[in-house]
> 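To start, I am sharing the structure in question, which I have written as structure tokens.
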Number of protein chains: 2
Amino acid sequence: MTSPRKQKTRTALLEAGSKMFWKYGIRKVTVEDICKEAGVSKMTFYRFYENKIILAEKLLTEIYESALQDYNKIMQSEIPFPEKIRQTILLKHQGTLDVSDEFLDDVYRGDEPSLMGLIEKYSEISKNTIREDFAKAQKEGWIKKELKIDFLMYMMDSIGERMFDEKLKAMFDDSHDMLMELTTFFFYGMGTSDNTLTK
Amino acid sequence: MTSPRKQKTRTALLEAGSKMFWKYGIRKVTVEDICKEAGVSKMTFYRFYENKIILAEKLLTEIYESALQDYNKIMQSEIPFPEKIRQTILLKHQGTLDVSDEFLDDVYRGDEPSLMGLIEKYSEISKNTIREDFAKAQKEGWIKKELKIDFLMYMMDSIGERMFDEKLKAMFDDSHDMLMELTTFFFYGMGTSDNTLTK
DNA sequence: ATTAAATGTTACTAATATAGTATTATATTA
DNA sequence: TAATATAATACTATATTAGTAACATTTAAT
């Protein structure tokens with residue numbers, strides 16, 4: 001029976017937190033920064049969360065969970081494997097699949113074991129999930145048998161990263177073209193002769 | 001007789017400072033942040049600058065000076081006035097003409113009179129410069145006589161801003177197209193019948 | 001190779017900023 | 001109106017940052 005008011009401040013805090021953390025990382029963002037951004041008093045913050053680390057944990061969990069959901073939704077759909085890859089890279093490119101660099105940097109450089117643990121846990125999960133999906137795709141003939149899955153994962157990651165770097169210069173339509181080109185190239189070297197891409 | 005070493009750390013500090021200030025504003029950036037980014041010890045920083053505000057002043061001055069130079073270079077060139085406007089907006093879009101929002105926000109919200117003064121001084125200068133250029137262009141028949149210069153300046157600013165907002169979504173080529181469209185539209189309503197744009 | 005200039009390292013204090021809490025007042029909603 | 005949620009203020013303890021000093025190390029020119 002959460003009152004509408006309470007719900008409002010809850011989402012305000014969550015949104016303010018994610019906005020600030022995303023932009024500045026964790027270290028540089030103070031509780032008061034978040035409160036100002038949310039238009040909320042400091043006491044209200046502490047009624048919801050013990051401190052900013054706890055808030056960061058919740059947000060991190062939420063981000064990773066929804067990212068995994070997005071990914072799984074794509075993978076379980078009935079589209080061809082290359083299209084799945086394309087959509088996955090697109091998700092990464094749109095920034096919905098990862099946390100921000102500032103966020104990650106702070107976690108790695110700082111000393112917050114709980115956050116570190118969360119990130120390790122989820123990257124473990126996603127790594128395994130992706131590995132399984134790739135192995136399955138390999139069995140189904142989408143991927144050359146000789147190729148090592150780990151190498152593929154590395155390549156896919158680097159493609160996502162390259163696209164991410166270009167985000168400032170890339171308009172959506174064109175980055176889509178770019179994605180098409182990259183993944184086409186990707187599959188041209190990777191696919192079996194049975195499976196060619198429909199351009 | 002500045003040694004090459006000294007020169008190197010000087011530029012390192014300037015670059016680190018501008019990078020950090022640009023990204024995070026002034027408030028959130030500490031001297032140590034700058035030192036880390038520059039790969040330089042704190043003592044070295046203080047041998048060059050009294051504090052981070054002084055550094056910010058130097059950077060701000062440098063940015064504004066070079067922006068004014070860029071602008072004047074365009075305005076004094078022998079190209080048609082509409083093309084000058086186009087190039088000026090493009091400069092703005094590329095971010096070389098303004099300081100970052102984070103930078104500005106901190107100055108306006110914080111209490112650093114020196115920085116406030118610098119910004120006011122330069123925005124005064126640039127406003128006057130632009131007003132003069134526009135008035136001259138109006139005399140030369142590029143701009144309808146009935147139009148108020150201040151209104152034009154406002155419109156130009158809002159176009160620049162709109163483009164700036166879209167930067168994340170806009171690839172360079174297309175933003176150039178967008179610029180062409182916007183300025184064409186701009187001049188279609190603004191230009192005299194004598195001067196039509198060559199598409 | 002020697003020397004002077006520039007920078008790094010460490011350690012420290014004072015100033016400032018932030019965290020977190022208590023209290024009282026005000027607003028919202030049932 | 002009563003109960004709940006939030007705002008505002010003020011406060012202390014803690015943490016961070018600013019800025020300085022003394023000494024060690026590196027760099028580059030002679």
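Lettering of chains follows the sequences in order, A, B, ..., and the numbering in each one begins at 1.
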> Salt bridge between B:K23 and B:E37, side-chain N to carboxylate O under 4.0 Å?
no
> OH of B:Y49 versus P of D:dA18: gap in Å, rounded?
16 Å
> May I ask which nucleotide in the shown strands pairs with C:dT24, Watson-Crick or G-U wobble, both distances under 3.5 Å?
D:dA7
> A:D106 has an atom CG; how far is it from atom P of D:dT16, in whole Å?
13 Å
> Kindly say if B:T44 contacts the phosphate of C:dG8, meaning a side-chain N or O under 4.0 Å from OP1 or OP2.
yes
> What string of B, S and - do you get for nucleotides 15-30 of chain C, 5' to 3', if B is base contact, S is sugar-phosphate-only contact and - is no contact with any protein heavy atom under 4.0 Å?
---SBBBB----BS-S
> Please determine whether the number of non-hydrogen atoms from other residues, nucleotides or ligands lying under 6.0 Å from atom NZ of B:K84 exceeds 12.
yes
> So what does B:F48 hit on the nucleic acid, given a heavy-atom distance under 4.0 Å: a base, only sugar-phosphate, or nothing?
sugar-phosphate
> Under 4.0 Å between a side-chain N or O of A:T9 and OP1 or OP2 of D:dA5?
no
> Are more than 12 heavy atoms, taken from residues, nucleotides or ligands other than B:Q7, located less than 6.0 Å from that residue's CD atom?
yes
> Rounded to the nearest Å, what distance is computed from the NZ atom of residue B:K8 to the C1' atom of nucleotide C:dA5?
16 Å
> Looking at B:C35, is its backbone amide N or carbonyl O close enough to the side chain of B:K42 to form a donor-acceptor pair, meaning the two atoms are under 3.5 Å apart?
no
> Given atom CD of B:Q7 and atom C1' of D:dT27, what is their separation to the nearest angstrom?
16 Å
> Between A:Y71 and A:Y64, does the ring centroid distance fall short of 6.0 Å?
no
> Could you walk me through whether B:Y24 and B:D106 pass the side chain to side chain contact (heavy atoms under 4.5 Å, CB included) check?
CA-CA 9 Å; B:Y24 299 116; B:D106 274 12; over 6 Å; no
> Write down the distance between CG (B:L55) and P (D:dG19), rounded to a whole number of angstrom.
12 Å
